[in-house]
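Reading through the structure tokens given below for one structure.
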Amino acid sequence: MRISVFGTGYLGATHAAGMAELGHEVIGVDIDPDKIERLKRGEVPFYEPGLPELLQKHVESGRLRFTTDPAEAAEFADVHFIGVGTPQKKGENAADMRFVDAVIDTLAPLLTRPAVILGKSTVPVGTAARLAARVRELAPVGDDAQLGWNPEFLREGFAVEDTLRPDRLVIGIDKDRPGRIEEVAREVYADAISRDTPFLVTDLPTAELVKVSANAFLATKISFINAIAEVCEAAGADVLELADAIGHDERIGRKFLGAGLGFGGGCLPKDIRAFMARAGELGVDQALTFLREVDDVNMRRRSHMIQLVERELDGELKGRRVAVLGAAFKPESDDIRDSPALDIAGRLHLSGADVRVFDPQGMDNAAKVWPTLSFAESAADAVTGAEVIVVATEWKEFRELDPYGVADLAARKVIIDGRNCLPTERWIEAGWRYLGMGRHAS
Ligand code: UDX
């Protein structure tokens, strides 16, 4: 099929390359000329494992190209995906729909022959119906320009895998005017469907809600275990053992019960906030009041970490050397949006601590938002002279640090495992004071 993808960020660029891998002819569109120039050269402007190889392969095969010209995409493709961002609005909880709206307002007037638009961006419920009507109104081809919603569930760090082998496909259509959307989506995703991937056709609001509900559930699960971690700390219990034990119950499951510094990134935090804001607009704000608590528990993890560091330094942060290992919001990503790691590094820095940060991939992005922070050349460089070491992102490189080697570099043997990811016994054996999150200090 001939496909366009509007937006070439983490979602759009991966989707474009993934569609090319599935055998489609793809054109990626973005308003940022620098990004497009890099993509044309087969260069991915962010870190995502496996994506550079896929991109290069299909740029070279000619099946994937990029443009800043929406008219070129409208002319070329019969199916148009929207993968632009819906960030949190400044100063409020709601999502900023500017970029999605701009794509529709640009693309729809260019549709002179039948076309299907599939929205992938995470949007407030009700958006798709509004946009579908706008498309019909603006498109010269009228009712033959149809819009459906196909939410994206990919995780950063596993984006290629999640795109090529999704665990489910959801297509929202206007049941009163189904048009060709389902048929087109089945053709686009024929490969996954042939592998019996669940393919769910819903109405538009359900499809939109599936996405935000999934993210709200994941955020709730993480904050649940972090709330329990608070109790564990007060009661002298161990949240890791507890999570293992409750995780054996199939109804609960062990995944996403990782207690630590909590969730960050470009999705979970802003999605739960936008969900609350939208529920308020719909007059059902009480239904989602618990998400405020989920958000609060999550933010408390960061303050708790600052307190732990302060306590280890006898209440005096000023001038004290602290190593923060990690800046990205999670490993295998260079994304620092709403990153707990970078947040605590910044807060310690503002409190006067002499913070040295190292992240295997996230340093360039981190330096752009925190130019006054000190960034180290390596993990070894960051820990040299440190009085406290904080592991804030669970990169493999940090999980595998040698406690004896680090002991030779650090000023004091105090490590706070903000992700409960270190082999605790090894660090204790090597003479370290080890503090986990929701675990007793050893
Ligand atoms: C998330 C959803 O998983 C994905 O389906 C959706 O499409 C986009 O949002 P992503 O933001 O890439 O994906 O990250 P995810 O792997 O879900 O992790 C989110 C945050 O939760 C990270 O900061 C991670 O460190 C944290 N987390 C995750 C925990 O603190 N504990 C856990 O047990 C799991």
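Ligands are counted one by one from 1 in listed order, and the atoms in each one are counted from 1 as well.
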To the nearest 0.5 Å, tell me how far Arg433 CZ sits from Ile415 CD1.
12.5 Å

Assess, by modelled atom type and distance only, whether the side chains of Thr86 and Lys270 contain a donor and an acceptor separated by less than 3.5 Å.
yes

Could you find the nearest protein heavy atom to atom 19 (C) of ligand 1 and give me its residue, atom name and distance?
Leu268 CD1, 3.7 Å

Parallel, tilted or perpendicular: ring planes of Phe81 versus His15, cut at 30 and 60 degrees:
perpendicular

Mind checking whether Arg155 has an N or O less than 3.5 Å away from an N or O of ligand 1?
no

Quick one: does Gly265 get a heavy atom under 4.0 Å from ligand 1?
no

Going by the atom numbers of ligand 1, which of them fall below 4.0 Å from some non-hydrogen atom of Glu156?
12 (O)

May I ask whether Gly260 places a heavy atom under 4.0 Å from ligand 1?
no

Element-labelled atoms of ligand 1 that are located less than 4.0 Å from some non-hydrogen atom of Lys211
6 (C), 7 (O)

Is there a side-chain contact (heavy atoms from CB on, under 4.5 Å) between Asn420 and Val239 once you walk through the steps?
CA-CA 10 Å; Asn420 289 339; Val239 77; 4.0 Å; yes

Atom 5 (O) of ligand 1: the protein heavy-atom neighbour that sits closest, reported with distance to 0.1 Å:
Phe153 O, 2.8 Å

When you measure from the side chain of Asp30 to the backbone N and O of Thr68, does any donor-acceptor pair fall under 3.5 Å?
no

Students should be able to answer this: which protein heavy-atom is nearest to atom 31 (N) of ligand 1, and at what distance?
Gly258 O, 3.0 Å

With heavy atoms and a 4.0 Å threshold, my read on which part of Leu257 contacts ligand 1 is backbone

Which of the numbered atoms in ligand 1 are below 4.0 angstrom from a heavy atom of Arg419?
25 (O), 30 (O)

So Tyr10 and Phe46, would you call those rings parallel, tilted or perpendicular, with 30° and 60° as cut-offs?
tilted

Just jot down the ligand 1 atoms closer than 4.0 angstrom to any heavy atom of Cys267, in number order.
8 (C), 9 (O)

Short list, please: which atoms of ligand 1 are under 4.0 Å from a heavy atom of Leu154?
4 (C), 6 (C), 7 (O), 8 (C)

What residue and heavy atom of the protein are closest to atom 16 (O) of ligand 1, and at what distance?
Lys330 NZ, 2.9 Å

Report, in ascending order of atom number, the atoms of ligand 1 lying under 4.0 Å from any heavy atom of Glu152.
7 (O)

With heavy-atom distances below 4.0 Å as the criterion, list the atoms of ligand 1 near Phe263.
20 (C), 21 (O), 23 (O), 26 (C)

Is a salt bridge present between Lys330 and Asp335, judged by a nitrogen-to-oxygen distance below 4.0 Å?
no

